[in-house]
Amino acid sequence: MPTIQVANLRKVFRVGEEKIIALDDVSFTLEKGEITCILGTSGSGKTTLLNLMAGLEKPTRGSIIIHKHDIAKLNEKDLARFRRKHVGFVFQSYNLLPSLTALENVGLPLAFRGIKKRQREKEALAMLSSVGLKKHALHKPGQLSGGQQQRVAIARAFVIKPRVVFADEPTGTLDSKTSEEVMHLILDMAKSWQQNVIIVTHDQQIASYADKIIYISDGKISRIEDRAGRLDEIEE
């Protein structure tokens, strides 16, 4: 049984009197541990889709079921609890708190869970070690390179061992060599714990790392393919 099911998803924004259809009748399923890329150009609807799946926005219509939770029906309090327990995020701009050390940034999701300081520092340090930044644990983001900051962000996303990690253009500000290192890091960690990773990008090279690629254009899925190149769906 799929662990993520998106069905008949529609999102309409209103700007004054104008109605903008950002997503229109989007449906797909993802299996446990699948690395998925949502690929599309700017304005295609890919980031809106990620925001809906992450519970950051509400759909106009449709359902999003992640591990038996229909997040489209959850209220804000339950959504926050769901994200705190099951979801990790990796952003293009890292979204690290500049006043905190790498160790403290990675430990934040554990603090939100009420884990005591000594235990969360232990777990955060272990995660920093796994991304090769143990020696930089006490450095603040401003003292780290872009690649190092993204590694801290990855450690933060995975520290709670979430069921799904959402990555929005995770290599958008990195050079090609660092991008490759970051992608291998994300994939290796996800496969270790059989986690779903959903990557939003416009970069075909990043998409090549995925088990499944969902092509989106003008708010609709144009096709879905797996790594073997088999087309699962083609919208006429």
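- At distances below 3.5 Å, at least one donor-acceptor pair connects side-chain atoms of Gln150 with backbone N or O atoms of Phe91.
- Distance alone, capped at 3.5 Å, places no donor-acceptor pair between the Ser44 side chain and the Asp218 backbone.
- Atom CZ of Arg61 is surrounded by 12 or fewer heavy atoms from other residues, nucleotides or ligands within 6.0 Å.
- Within 6.0 Å of the CG atom in Asp175, the count of heavy atoms belonging to other residues, nucleotides or ligands exceeds 12.
- Judged by distance alone, with hydrogens and angles left aside, the side-chain atoms of Ser145 form a donor-acceptor pair with the main-chain N or O of Gln148 at under 3.5 Å.
- Residues Thr29 and Gln5 have side chains that never bring a donor and an acceptor to within less than 3.5 angstrom of each other.
- Note on Arg14 versus Glu18: no salt bridge recorded, every NZ/NE/NH1/NH2 to OD/OE distance being 4.0 Å or above.
- Every pair passing ring-ring contact (aromatic ring centres under 6.0 Å, His included) that includes a residue from residues 191-226 is listed here, sequence neighbours excluded: His184-Tyr209.
- Remark: Arg83 does not engage Asp78 in a salt bridge, criterion side-chain N to carboxylate O under 4.0 Å.
- The NZ atom of Lys11 lies 12.5 Å from the CG atom of Leu49; values are rounded to the nearest 0.5 Å.
- The backbone N or O of Thr41 sits less than 3.5 Å from a side-chain atom of Lys46, completing a donor-acceptor pair.
- The structure places CG of Asn51 at 11.0 Å from CE of Met53, a figure rounded to the nearest 0.5 Å.
- Under the 4.5 Å side-chain contact rule for hydrophobic residues, Phe82 and Ile65 do not share a cluster.
- In this structure, the side chain of Thr201 does not engage the main chain of Glu169 through any donor-acceptor pair within 3.5 Å.
- Checked for salt-bridge contact, Lys212 and Asp226 miss the test: no charged N lies under 4.0 Å from a carboxylate O.
- Looking at Asn196 and Val165, their side chains never come closer than 4.5 Å, going by heavy atoms from C-beta outward.
- Scanning for side-chain contact (heavy atoms from CB on, under 4.5 Å) contacts around Ser217 gives an empty result, with sequence neighbours left out.
- For the atom pair Leu110 CG and Arg156 CZ, the distance stands at 12.0 Å (nearest 0.5 Å).
- Distance check, rounded to the nearest 0.5 Å: CG of Leu128 to CZ of Arg151 gives 11.0 Å.
- Every side-chain contact (heavy atoms from CB on, under 4.5 Å) that Leu97 has, sequence neighbours left out, goes to Leu100, Asn105, Leu108.
- Remark: the backbone N or O of Lys85 is paired with a side-chain donor or acceptor of Arg113 at under 3.5 angstrom.
- The shortest side-chain heavy-atom distance between Leu23 and Ile216 falls under the 4.5 Å cut-off.
- Tested against Ile66, the residues Ile4, Thr3, Leu30, Val87 include a single side chain to side chain contact (heavy atoms under 4.5 Å, CB included) partner, Ile4.
- Rounded to the nearest 0.5 Å, atoms CD (Gln195) and CG (Leu187) are 11.5 Å apart.
- Pairs passing the ring-ring contact (aromatic ring centres under 6.0 Å, His included) check and including a residue from residues 111-161, sequence neighbours excluded, read His136-His139.
- Here the CE atom belonging to Met183 is positioned 9.5 Å from the CG atom belonging to Asp203, to the nearest 0.5 angstrom.
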Could you give the side-chain donor-acceptor pairs of residues 115-127 under 3.5 Å, partners two or more places apart or in another chain?
| unit_1 | atom_1 | unit_2 | atom_2 | d |
| --- | --- | --- | --- | --- |
| Gln119 | NE2 | Glu123 | OE2 | 2.8 |
| Arg120 | NH1 | Ile115 | O | 2.9 |

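- When atom types are taken as modelled, the side chain of Glu180 and the backbone of Lys177 share no donor-acceptor pair closer than 3.5 angstrom.
- For Leu52 against Pro59, the heavy-atom pair with the smallest separation is CD2-N, 3.6 Å.
- For residues 86-98, every residue pair satisfying the side chain to side chain donor-acceptor pair (under 3.5 Å) rule, not counting sequence neighbours, is listed here: Ser93-Asn95, Tyr94-Thr173.
- A salt bridge is defined here as a Lys NZ or Arg NE, NH1 or NH2 lying under 4.0 Å from an Asp or Glu carboxylate O, and Glu34 with Lys32 fails to meet this definition.
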